[in-house]
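Here's the structure we're looking at; comments come further down.
The residues of the chain are indexed from 1 along the displayed sequence.
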Amino acid sequence: MPHLKPQVISVQTHLRDQVANALRAALIAGELRPGVVYSAPSLAAELGVSATPVREAMLDLAREGLVEAVRNKGFRITEMTDRDLDEFTEIRTLIEVPTVGRVARSARAEQLEALRPLARQIVTAAEEHDVLAYLEADHRFHLELLALAGNQHLVEVVADLRKRSRLYGLANLDESGRLVASAQEHVELLDLIVAGKAREAEKCMRRHLAHIRTLWADGRADAKAAEPALRLGDR
């Protein structure tokens with residue numbers, strides 16, 4: 001059995017969404033491992049809820065490509081290949097690099113400065129080793145920045161790509177201090193956009209996405225290395 005970090009799950013209409021978010025957090029933190037099959041009842045016991053919202057949440061994650069149903073057993077965490085990582089990075093680069101350039105040319109200063117607290121939150125979370133706070137602030141920063149281009153469908157596409165290209169074993173990378181450098185790139189990117197330096201902002205975004213691609217690969221490698229020991233503990 002995995003030992004999931006305690007999550008506060010309240011009984012309300014959005015229980016399914018809360019369970020799904022808790023499971024995504026467990027995936028990112030490396031508490032749920034790629035290739036391992038987990039049953040809904042066992043996960044429900046860890047989260048302190050019934051099995052029904054866990055099954056519903058797992059079906060949502062299956063639609064996102066994060067898990068796959070295994071008949072009469074539960075759900076297997078899908079494994080990402082190097083090709084998957086390359087393709088996700090390519091698509092995000094094609095979308096986000098020119099979009100930040102467009103935002104640098106058209107967004108108002110007050111719109112951009114409204115993102116400053118989020119950029120700082122990302123750095124603070126990385127420095128304090130708060131992985132979930134880091135991911136939440138990072139998610140909001142990127143999507144709110146892209147939203148300034150005025151294309152909601154574009155934002156939704158990137159949001160979906162971000163869900164699919166999750167960072168396995170991010171906690172291990174955090175312990176090595178490697179998230180701080182990635183976090184600081186958000187402040188650098190925002191400074192360039194505020195200054196109206198569109199080309200420099202595009203170069204910064206391209207470099208940032210390449211950096212993330214490296215973190216994805218390293219996080220996946222760490223998860224694979226730790227997997228045998230965790231499987232033994234789950235039995």
Side-chain angles (χ1 to χ4, degrees), residues 2 4 7 14-40 42-44 46-47 51-96 99 131-132 134-136 138-140 142-143 146 151-173 182 208-227 230-231 234:
L4 306 186
Q7 302 283 337
H14 298 299
L15 180 59
R16 172 179 180 163
D17 292 336
Q18 292 182 57
V19 171
N21 288 335
L23 293 173
R24 289 190 191 96
L27 278 167
I28 292 163
E31 295 164 7
L32 298 178
R33 300 293 190 182
V36 178
V37 177
Y38 297 95
S39 71
S42 65
L43 292 174
E46 289 283 334
L47 295 172
T52 297
V54 173
R55 290 192 185 93
E56 293 173 344
M58 280 297 203
L59 290 174
D60 289 339
L61 298 187
R63 282 189 283 271
E64 296 173 11
L66 301 181
V67 303
E68 57 185 1
V70 179
R71 189 179 179 124
N72 297 326
K73 291 186 178 180
F75 296 86
R76 178 185 292 112
I77 310 302
T78 57
E79 300 188 70
M80 294 183 65
T81 66
D82 285 328
R83 179 172 179 175
D84 291 328
L85 296 174
D86 287 338
E87 290 179 352
F88 285 134
T89 303
E90 180 181 11
I91 297 170
R92 287 191 61 185
T93 299
L94 289 171
I95 294 174
E96 296 185 60
T99 300
V131 174
L132 295 183
Y134 171 93
L135 290 168
E136 173 62 23
D138 175 76
H139 179 82
R140 288 183 56 199
H142 279 276
L143 297 189
L146 295 175
N151 187 331
Q152 184 57 37
H153 293 294
L154 179 150
V155 175
E156 291 171 359
V157 169
V158 173
D160 182 66
L161 286 170
R162 289 176 63 89
K163 288 179 182 177
R164 293 176 182 274
S165 53
R166 65 280 188 197
L167 285 168
Y168 281 132
L170 191 60
N172 294 330
L173 295 175
S182 178
H208 178 61
L209 291 174
H211 189 184
I212 292 172
R213 167 63 178 88
T214 301
L215 291 179
W216 281 342
D218 291 348
R220 189 167 65 91
D222 285 351
K224 292 285 285 185
E227 186 176 322
L230 182 114
R231 282 183 174 177
D234 283 345

Closest heavy-atom contact between [X] and [Y]?
X	Y	answer
Glu31	Tyr38	O-OH, 4.0 Å
Ile77	Leu27	CG2-CD2, 3.3 Å
Thr89	Leu209	CG2-O, 4.1 Å
Ala57	Ala20	CB-N, 3.6 Å
Tyr134	Ser182	OH-OG, 3.3 Å
Glu79	Pro34	CG-CB, 3.5 Å

Evaluate the side-chain proximity of [Y] to [X]: yes if any heavy-atom separation is below 4.5 Å, no if none is.
X	Y	answer
Glu64	Arg24	yes
Glu90	Thr93	no
Val157	Leu154	no
Asn21	Gln18	no
Val158	His142	no
Leu43	Val19	no

Any chance you could measure [X], atom [atom1], to [Y], atom [atom2], to the nearest 0.5 Å?
X	Y	atom1	atom2	result
Leu66	Met58	CG	CE	9.5 Å
Glu56	Leu15	CD	CG	8.5 Å
Ile95	Leu146	CD1	CG	8.5 Å
Arg92	His208	CZ	NE2	7.0 Å
Phe75	Leu23	CZ	CG	10.0 Å

Open item on the list: Does this structure show an ion pair linking Arg83 with Asp86, if we count only N-O contacts that are shorter than 4.0 Å?
Closed with: no

Task: N/O donor-acceptor pair under 3.5 Å between Asp84 side chain and Thr81 backbone - done: yes

Open item on the list: Closer than 3.5 angstrom, by distance alone: can the side chain of Thr78 be matched with the main-chain N or O of Gly65 as a donor-acceptor pair?
Closed with: yes

